[in-house]
Amino acid sequence: VIAKFVGTLAWWFILLFKVAEVGGSVMPFQQLQEADGSIEAQLPSHMQRIEFEKLQLSPSSNQYVEGTILAKYPTHEFGTGEKVFKMVLEESTTQQSVSNPETINTFIFGKLVNDCEHALKQGDRVVLTKFQVSTSPSARKDGRHVLQLELSEETGATVFVYAKSVKESAASSNVNSPINQRLKIGTQDYTYVPLNQIKDGVTVNVYGVVKFFKPPYRSKGTDFSSTVTIVDASNGRLNCVLFNGNADLLPKICKVGDVVRFHRIKIQEFNNELQAINAAGFSALTFDGTLGAPMKPRTNSKSYQFTANDQRTVEELRRWANATISIHKPTVKLSEVKPAEYFDLTCQLIAKAVVDRSAVLLKVWDGTKCPHTLRQVPVDMNTLEGDPADIHRLCKLTVDVLIYDNHVGAAHSLKVGTYLTIHNIHAKLATLNAEKPSTSLETVPEMEFHLHGGTSYGRGITVLPEECSDVQQLKQTLEPAISEDQDSLGDLTLLETLNTSRRPSAPERATATRVERCHQESATVLTAHQHIRTTSLRDVLDQTPPQKYRIRAKLANYEPKALHESVKLYCPKCHSLQEIPSDDHVDSFLQDAYTSGSAAAGPDPPTHDAPWYQTTTWEAEDQRRRQITVHFVKSDEAQSTPERSTILVEGVSLNELYRLSKRFAMLIPITSRTKCLTLNDLSIPFLIQDRKWHYGCKHCSHPQPVNALQPLSQTGPWDLSVIAKVLGVQLLRHVFVMRFTLDDGSGSLDAFLWDKVEQFFGISAADVVIDEALQDKLTRIMDTLCPPRTSDDDCPWLECCIKSYYVSDGSEQKTHYQIFDTVVAEAEDV
DNA sequence: TCTTAGGGTTCG
């Protein structure tokens with residue numbers, strides 16, 4: 001189609017422009033040059049033309065329209081200084097004669113106007129992308145398309161124009177210089193009117209705190225509707241009535257107290273009061289009203305301007321609202337519900353079932369136990385959608401909520417596991433009637449939960465985004481509630497259900513096999529939290545710490561690759577982490593010790609016996625005439641074999657240290673430089689026991705003279721921790737520290753493995769250092785988790801618990817992740 | 001320019 005067009009009329013395709021701002025920074029221009037192929041090749045990838053006639057209220061972002069400017073109206077300026085102009089586009093079509101070409105009203109807003117009001121002329125052929133579609137209020141009058149196009153900063157729109165060939169364009173005064181050179185990217189200065197200064201008849205931008213709202217619902221007309229009452233520090237108050245054919249373009253408010261920014265609302269009078277209604281080009285940002293919450297707005301806008309001023313405004317509104325007690329509603333948990341109360345319930349959906357045409361049953365929980373006798377809505381288990389394991393395990397904590405009439409559609413489309421707020425839910429005491437008489441006077445009336453029909457008091461259901469602060473708070477209540485509940489009957493009930501002779505329902509079978517499959521297919525398994533849903537790494541990366549997740553990912557890489565480097569020394573007191581001193585380091589330290597020792601000690605080294613040890617001295621077989629001294633600690637005769645005895649050694653080399661440590665149970669390297677026996681500097685092991693080298697923390701130890709050991713010589717076999725205590729040594733612990741790069745296809749992150757890693761691998765960090773068989777095992781495990789030289793397909797999945805946390809490096813906070821409550825599957829068989 | 005709704009408790 002386009003080729004024919006280009007061929008006959010010899011148009012050139014010149015880019016126009018794209019103006020979009022994300023978070024205040026200008027995106028680069030996207031410049032397209034002359035076309036000698038299809039238009040699609042010139043546009044961002046996968047763009048598809050949509051004919052006017054096929055336009056819908058929620059266009060997908062890869063659609064573009066193409067048309068000729070039939071009329072262009074003068075630019076109008078709002079009181080806010082923002083500009084807007086309207087044009088009428090006629091469908092470009094190749095058909096020879098079109099009796100009734102489609103025409104559509106198109107509005108250009110904001111800085112886009114500055115960019116193209118002079119560049120576009122009647123008769124120009126344009127391509128528009130990322131427009132917003134709304135119903136045309138003037139369709140009946142002007143006979144044009146029932147929908148209209150709106151292009152603004154917020155839609156991320158791009159306008160392209162065809163210009164005539166170079167020759168023609170040279171003759172034309174309009175297009176004699178390349179359009180892209182005339183572009184100026186300016187930021188739009190949005191002005192926001194305090195709510196007490198709002199006047200009738202103007203289109204304005206406002207900021208405010210939500211005092212009341214009705215979540216979007218389908219109106220009796222063509223659109224979705226949402227009512228939002230906002231207030232601000234000026235003591236103003238504004239009732240906004242918002243419509244849109246696409247519910248997603250209405251503000252995404254979760255709760256009273258949220259902060260909103262509306263662009264382009266029109267003020268009008270109704271019932272002697274001013275009210276706002278969304279004007280063309282309306283767009284909304286919604287911020288969590290929680291002090292200190294991230295400044296990431298909920299919005300459908302493709303891009304938006306958000307300056308330092310905006311940030312200040314949101315912060316101020318948050319502060320003001322949180323100090324103004326009348327704005328917020330008290331939150332009510334299930335444990336606090338009073339009979340006949342109406343409240344907003346923030347909860348997680350566990351299961352749902354269609355009851356009849358006018359009602360849907362939702363089984364929800366908020367982690368607290370409702371103290372009232374609850375009515376259980378009878379439903380066929382087979383019509384109940386949800387994980388049977390969860391339904392059974394949480395049955396004591398879930399409540400049945402009946403959702404009626406106009407809310408049924410919304411309830412029906414909810415996904416199990418979703419976090420919700422059910423607004424204005426009614427805790428109703430069941431009415432006893434003649435057909436269901438009370439059997440005794442003591443019968444306690446049951447409590448039932450209803451979401452009645454209608455939208456009064458903001459009745460409706462809001463799906464909460466994962467990152468909203470209410471969800472984060474809710475999750476913290478849910479998780480401990482599950483583990484408490486696990487100890488009770490929950491699991492037993494589940495087992496009984498799965499073990500009954502009755503054939504399990506399909507979802508039940510799926511759950512049972514899924515549990516098995518987890519263990520089979522995953523190279524690591526969880527030691528707890530199996531009930532938690534898996535979160536994608538992309539979602540993990542989107543959220544702010546601290547959080548805990550269950551994830552499923554592959555091990556793309558790990559550090560250190562030299563596995564012996566993964567073992568470090570950790571001080572449980574000062575929490576410092578250090579490398580294990582290398583053999584070279586210990587060797588040179590020992591050499592320094594005996595070289596300087598013999599020089600400084602003078603002619604009379606303390607080589608004599610003491611009441612608690614016997615001393616032997618001999619000369620080493622090297623050229624330096626080095627003197628080796630060994631003090632044998634006296635003990636019972638029964639323990640006097642070398643394998644059971646303790647020796648204090650001076651003047652030994654690394655080699656001798658190894659040889660002696662094989663023969664004696666315990667070996668303490670010492671020095672007699674100071675005339676009494678003392679420990680060496682703690683950069684070498686202070687004690688070797690069963691070939692295991694033990695180190696002390698330099699910061700936390702207060703070494704005592706070795707003579708302090710004398711009283712111990714009477715009490716039989718020596719214990720490592722006792723010796724350390726007597727000698728004033730704070731023991732360092734061997735620990736594994738590794739970094740796993742996890743990837744699940746949706747995202748990738750680095751997670752540290754350093755707490756309880758011995759459980760993770762089933763290997764002791766202290767032992768692996770001296771045991772080659774264990775080193776081989778560790779290598780085999782890592783080769784299983786992350787096979788060398790294989791494709792991604794051969795990498796096993798890892799089921800892991802990870803938690804996110806902030807680490808401050810002085811100037812900024814960084815997000816770190818740590819693996820916990822996870823072990824290698826069947827590590828004992830590796 | 002304008003249908004919807006224009007906050008204010010229910011059939012269950």
Side-chain angles (χ1 to χ4, degrees), chain A residues 57 73 76 84 86 88 105 107 134-148 150 201 203 210-231 237-247 249-250 253 256 265-282 329 339-344 354-362 375 377-379 400-408 411 422-433 435-436 446-460:
Chain A
L57 278 164
Y73 294 88
H76 169 253
V84 57
K86 170 183 168 181
V88 180
N105 291 328
F107 294 84
S134 66
T135 50
S136 167
S138 57
R140 239 192 276 170
K141 204 179 139 203
D142 61 24
R144 301 213 159 96
H145 205 295
V146 293
L147 301 174
Q148 64 185 26
E150 299 169 5
T203 295
V210 175
K211 174 83 181 81
F212 168 81
F213 75 107
K214 288 185 177 186
Y217 61 95
R218 196 172 271 292
S219 73
K220 291 193 185 104
T222 58
D223 292 346
F224 287 88
S225 174
S226 177
T227 303
V228 186
T229 304
I230 55 173
V231 289
R237 177 192 172 100
L238 183 64
N239 200 19
C240 307
V241 187
L242 308 172
F243 296 100
N244 203 297
N246 177 1
L249 289 175
L250 293 169
I253 299 165
V256 164
I265 49 169
K266 192 177 174 186
I267 307 301
Q268 58 188 31
E269 198 188 298
F270 177 76
N271 274 355
N272 299 321
E273 250 185 73
L274 291 181
Q275 69 168 17
I277 176 159
N278 54 316
F282 171 80
K329 280 204 253 182
E341 190 174 28
Y342 288 86
F343 65 105
D344 291 352
V354 174
V355 176
D356 57 47
R357 198 171 286 184
S358 74
V360 168
L361 166 70
L362 301 183
R375 176 179 167 215
V377 178
V379 282
D400 287 358
V401 183
L402 282 165
I403 309 290
Y404 288 107
D405 303 338
N406 54 317
H407 310 296
V408 161
I422 306 176
H423 301 278
N424 196 238
I425 188 171
H426 185 191
K428 193 184 175 195
L429 287 184
T431 43
L432 298 169
N433 57 31
E435 286 155 34
K436 212 179 79 183
E446 292 177 330
M447 183 177 276
E448 46 191 50
F449 293 96
H450 297 260
L451 180 67
H452 294 298
T455 63
S456 344
Y457 279 86
R459 257 179 238 146

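Heavy-atom basis, side chains included; hydrogens, waters and symmetry copies ignored. A quick note: this is a predicted structure, and the numbers were derived from the prediction, not measured. Just so it is clear: chains get the letters A, B, ... in the order the sequence lines come, proteins before strands, and each one is counted from 1.
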Counting only pairs under 3.5 Å, give me each side-chain donor-acceptor contact of residues 453-460 of chain A, with atom names and distances, residues two or more places apart or in other chains.
{"unit_1": "A:Thr455", "atom_1": "OG1", "unit_2": "A:Lys214", "atom_2": "NZ", "d": "2.9"}
{"unit_1": "A:Arg459", "atom_1": "NE", "unit_2": "A:Asn424", "atom_2": "OD1", "d": "3.2"}
{"unit_1": "A:Arg459", "atom_1": "NH1", "unit_2": "A:Gly453", "atom_2": "O", "d": "2.4"}

Please state how far atom [atom1] in [X] lies from atom [atom2] in [N], giving the value in whole angstrom units.
X        : N      : atom1 : atom2 : value
A:Arg144 : B:dT1  : CZ    : P     : 15 Å
A:Asn406 : B:dA5  : CG    : C1'   : 14 Å
A:Tyr457 : B:dT10 : OH    : P     : 9 Å
A:Leu250 : B:dA5  : CG    : C1'   : 12 Å
A:Asp344 : B:dG7  : CG    : C1'   : 13 Å
A:Asp142 : B:dT1  : CG    : C1'   : 9 Å

Which of these nucleotides, [options], is closest to any side-chain atom of [X]?
X        : options               : result
A:Ser358 : B:dG12, B:dT10, B:dA5 : B:dG12
A:Thr135 : B:dT9, B:dT3, B:dG7   : B:dT3
A:His452 : B:dG12, B:dG8, B:dG6  : B:dG12
A:Gln268 : B:dC2, B:dT3, B:dT9   : B:dC2
A:Ser219 : B:dT1, B:dG6, B:dT4   : B:dT4
A:Pro137 : B:dT1, B:dG6, B:dG12  : B:dT1
A:Ser456 : B:dG8, B:dT4, B:dG6   : B:dG8
A:Asn424 : B:dT3, B:dT9, B:dG12  : B:dT9
A:Lys220 : B:dT4, B:dT9, B:dG7   : B:dT4
A:Lys428 : B:dT4, B:dT1, B:dT10  : B:dT10

Check your understanding: Is A:Arg140 side chain donor-acceptor paired with the B:dT1 base, going by distance under 3.5 Å alone?
Key -> no
Review point. What about A:Arg357, does its side chain sit under 3.5 Å from the base of B:dG12 through a donor-acceptor pair?
Key: no
Revision key, fill the gap. Rounding to 0.5 Å, atoms CG (A:Asn278) and OG (A:Ser226) come to a distance of 10.0 Å
Point to revise | Euclidean distance for C1', B:dG6 against B:dT10 (whole angstrom) | key: 22 Å
Check your understanding: Would you call A:Tyr404 stacked on B:dC11, i.e. ring centres under 5.5 Å apart with the planes less than 30° off parallel?
Key -> no
**Study point:** Short side-chain N/O contact to B:dG6 OP1/OP2 from A:Thr227, under 4.0 Å
**Key:** yes
Practice item. Considering just the side-chain nitrogens and oxygens of A:Lys214, establish if one lies under 4.0 Å of OP1 or OP2 belonging to B:dG6. Key: yes
Practice item. Report the residue (A:Phe212 or A:Gly221) whose heavy-atom-nearest nucleotide on DNA chain B is the more 5′ of the two. Key: A:Gly221
Return a table of donor-acceptor pairs under 3.5 angstrom between the side chains of residues 140-147 of chain A and protein atoms on other chains or two or more places apart.
{"unit_1": "A:Asp142", "atom_1": "OD1", "unit_2": "A:Arg144", "atom_2": "N", "d": "2.9"}
{"unit_1": "A:Asp142", "atom_1": "OD2", "unit_2": "A:Asn105", "atom_2": "ND2", "d": "3.0"}
{"unit_1": "A:Asp142", "atom_1": "OD2", "unit_2": "A:Ser138", "atom_2": "OG", "d": "2.8"}
{"unit_1": "A:Arg144", "atom_1": "NE", "unit_2": "A:Thr103", "atom_2": "OG1", "d": "3.2"}
{"unit_1": "A:His145", "atom_1": "ND1", "unit_2": "A:Leu147", "atom_2": "N", "d": "3.0"}
{"unit_1": "A:His145", "atom_1": "NE2", "unit_2": "A:Phe52", "atom_2": "O", "d": "2.7"}

Review point. Can A:Arg375 and A:Glu448 be counted as an ion pair, charged N to O under 4.0 angstrom?
Key: yes
Practice item. Using the six-membered ring wherever Trp is involved, compare the ring planes of A:His450 and A:Tyr404 and label them parallel, tilted or perpendicular (cut-offs 30° and 60°). Key: parallel
Check your understanding: In terms of base orientation, is B:dG8 syn or anti, with the syn window spanning 90° either side of 0?
Key -> syn
Review point. Got a sec: does the CD of A:Glu273 have more than 12 other heavy atoms crowding it under 6.0 Å?
Key: no
